[in-house]
**Student:** 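One structure follows; several queries about it will come next.
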Amino acid sequence: MAAVVDMDVKKRGKEQGESSGRERIILVFELFKENYGLDVNKVREIVRVPPTITRVPKAPHFVRGVINLRGTVIPVMDISQKMGGEPQGINSESRIVVVELEDILFGFLVDAVREVSNITDAQVESADSVESSVDKKYLLGVAKAGDGRLIVLLDLGALFEVSEISEEDGKAK
């Protein structure tokens with residue numbers, strides 16, 4: 001299936017007279033009134049925020065708590081608090097994006113999920129080229145969408161230090 005997608009992308013690029021590089025599919029969501037993106041292959045699902053998120057004693061300040069998702073306990077992170085800000089408010093558009101990174105399943109709060117979008121390598125620039133409320137060490141780059149919007153590409157592994165979590169998990173076993 002991936003080979004078919006790759007051939008279609010190459011064909012479109014030739015038809016358009018440009019070599020735009022590899023195409024990526026990203027989930028676009030809103031945080032801090034900005035558009036952010038994440039590789040859709042890391043996303044397991046998107047769920048509404050339940051009425052209660054169970055707090056976990058002695059958890060880091062950015063861990064909002066845990067939810068029970070069809071029998072699986074999922075920790076829910078708050079990016080705003082992780083970045084040193086105030087806790088994110090929750091409204092009717094808020095969602096929890098459940099991701100899997102390095103065999104670790106967790107969710108994080110977003111203000112709203114906007115769309116699934118295709119971007120090419122040619123559309124992505126260095127994170128240094130744009131102002132964002134998120135520290136640049138947590139960014140993979142900035143994509144310029146076809147309609148002119150900027151989409152900040154997050155590096156969730158760096159933001160939530162997933163490699164450190166998986167190392168601690170390994171030591172505990």
Side-chain angles (χ1 to χ4, degrees), residues 24-117 119 124 126-143 145 149-173:
R24 299 184 231 178
I25 303 171
I26 60 169
L27 174 71
V28 179
F29 52 90
E30 187 176 309
L31 280 174
F32 317 116
K33 298 185 180 177
E34 296 178 20
N35 289 311
Y36 285 84
L38 175 67
D39 183 342
V40 79
N41 293 318
K42 293 180 170 85
V43 178
R44 287 283 293 273
E45 62 185 293
I46 300 161
V47 296
R48 291 185 184 276
V49 180
T52 57
I53 297 175
T54 306
R55 292 284 307 149
V56 177
K58 299 183 182 178
H61 70 284
F62 60 87
V63 176
R64 196 71 172 257
V66 295
I67 60 171
N68 181 340
L69 187 61
R70 292 182 300 284
T72 302
V73 176
I74 307 286
V76 178
M77 313 296 182
D78 186 328
I79 290 178
S80 179
Q81 285 191 298
K82 174 66 176 161
M83 305 303 289
E86 296 297 314
Q88 280 179 257
I90 296 175
N91 61 44
S92 62
E93 287 191 49
S94 298
R95 297 290 183 266
I96 297 173
V97 177
V98 179
V99 296
E100 185 172 0
L101 298 175
E102 298 180 27
D103 296 327
I104 297 173
L105 196 63
F106 67 95
F108 64 95
L109 288 168
V110 300
D111 297 330
V113 171
R114 294 295 174 216
E115 64 185 304
V116 173
S117 184
I119 60 167
V124 179
S126 164
D128 296 331
S129 63
V130 132
E131 284 297 313
S132 172
S133 55
V134 176
D135 192 326
K136 296 199 185 336
K137 69 182 177 183
Y138 303 131
L139 305 180
L140 296 172
V142 179
R149 289 178 301 140
L150 295 180
I151 302 169
V152 180
L153 303 176
L154 276 181
D155 182 351
L156 287 181
L159 181 61
F160 291 112
E161 298 149 0
V162 171
S163 59
E164 290 178 18
I165 293 170
S166 60
E167 285 174 20
E168 288 176 17
D169 230 16
K171 290 176 188 173
K173 290 181 181 176

**Student:** Take Glu100 and Lys42, measure what side chain to side chain contact (heavy atoms under 4.5 Å, CB included) needs, and give me the verdict at the end.
**Tutor:** CA-CA 6 Å; Glu100 185 172 0; Lys42 293 180 170 85; over 6 Å; no
**Student:** Quick one: list whatever passes side chain to side chain contact (heavy atoms under 4.5 Å, CB included) with Glu45, sequence neighbours left out.
**Tutor:**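 Once residues adjacent in sequence are excluded, the partners of Glu45 under the side chain to side chain contact (heavy atoms under 4.5 Å, CB included) criterion are Val47, Leu69, Arg70, Val98.
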**Student:** As an exercise, state the distance from CD1 of Ile151 to CG of Leu38, rounded to the nearest 0.5 Å.
**Tutor:**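 Atom-to-atom, Ile151:CD1 and Leu38:CG are 12.0 Å apart.
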**Student:** Atom NZ in Lys137, atom CG in Leu159: separation rounded to 0.5 Å?
**Tutor:**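 If I round to the nearest 0.5 Å, the distance is 9.5 Å.
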**Student:** Answer whether the closest heavy-atom distance between the side chains of Pro50 and Ile96 falls below 4.5 Å.
**Tutor:**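 They are in contact (side-chain heavy atoms under 4.5 Å apart), so the answer is yes.
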**Student:** Where is the tightest heavy-atom contact between Ser117 and Val28, given as atom of each residue plus distance?
**Tutor:**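 Heavy-atom minimum between the residues: CB-CG2, 4.0 Å.
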**Student:** Identify, with sequence neighbours excluded, every residue that meets salt bridge (charged side-chain N to carboxylate O under 4.0 Å, His left out) alongside Asp111.
**Tutor:**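 With neighbours one apart ignored, the set is empty.
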**Student:** Quick check: do Val63 and Phe106 have side-chain heavy atoms less than 4.5 Å from each other?
**Tutor:**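 Not touching, per the 4.5 Å side-chain cut-off.
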**Student:** Tell me, please, which residues at least two apart from Asn91 pass side chain to side chain contact (heavy atoms under 4.5 Å, CB included).
**Tutor:**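 Applying side chain to side chain contact (heavy atoms under 4.5 Å, CB included) to Asn91 gives Glu93, Ser94.
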**Student:** Could you measure the distance from the CD atom of Glu34 to the CG atom of Leu150? Nearest 0.5 Å is fine.
**Tutor:**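 Rounded to the nearest 0.5 Å, the CD-CG separation comes to 9.5 Å.
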**Student:** Can you measure from CD1 (Ile67) to CD1 (Ile74) and round to the nearest 0.5 angstrom?
**Tutor:**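 These two atoms lie 6.5 Å from each other.
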**Student:** Kindly write out the residues that satisfy side chain to side chain contact (heavy atoms under 4.5 Å, CB included) with Thr52, not counting sequence neighbours, or none if the list is empty.
**Tutor:**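 Residues passing side chain to side chain contact (heavy atoms under 4.5 Å, CB included) with Thr52: none at all.
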**Student:** Tell me, please, which residues at least two apart from Val124 pass side chain to side chain contact (heavy atoms under 4.5 Å, CB included).
**Tutor:**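 Partners of Val124 by the side chain to side chain contact (heavy atoms under 4.5 Å, CB included) criterion, ordered by chain and then number, come out as Arg24, Ile119, Ala143, Leu153.
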**Student:** Tell me every residue that passes side chain to side chain donor-acceptor pair (under 3.5 Å) with Arg149, counting only those two or more places apart in sequence or in another chain.
**Tutor:**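 Here the qualifying residues are Glu115, Asp147.
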**Student:** Parallel, tilted or perpendicular, judged at 30° and 60°: which one describes the rings of Tyr36 and Phe29?
**Tutor:**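 Because their plane-to-plane angle is under 30°, the rings of Tyr36 and Phe29 count as parallel.
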**Student:** Using the side chain to side chain contact (heavy atoms under 4.5 Å, CB included) rule, pick out the option among Val113, Val110, Val99 that qualifies with Leu27.
**Tutor:**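 For Leu27, the side chain to side chain contact (heavy atoms under 4.5 Å, CB included) check succeeds only for Val113.
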**Student:** Drop me the distance from Leu156's CG to Lys82's NZ, to the nearest 0.5 angstrom.
**Tutor:**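 It comes to 11.5 Å.
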**Student:** Does anything in residues 72-81 pair up under salt bridge (charged side-chain N to carboxylate O under 4.0 Å, His left out), and if so which pairs, sequence neighbours excluded?
**Tutor:**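 Listed by first then second residue: Arg64-Asp78.
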**Student:** Would you compute the distance between atom CZ of Phe160 and atom CG of Leu101 and round it to the nearest 0.5 angstrom?
**Tutor:**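 Output value for this atom pair is 9.5 Å.
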**Student:** Less than 4.5 Å apart, any side-chain heavy atom of Leu140 and any of Asp39?
**Tutor:**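 No, every pair of side-chain atoms sits at 4.5 Å or beyond.
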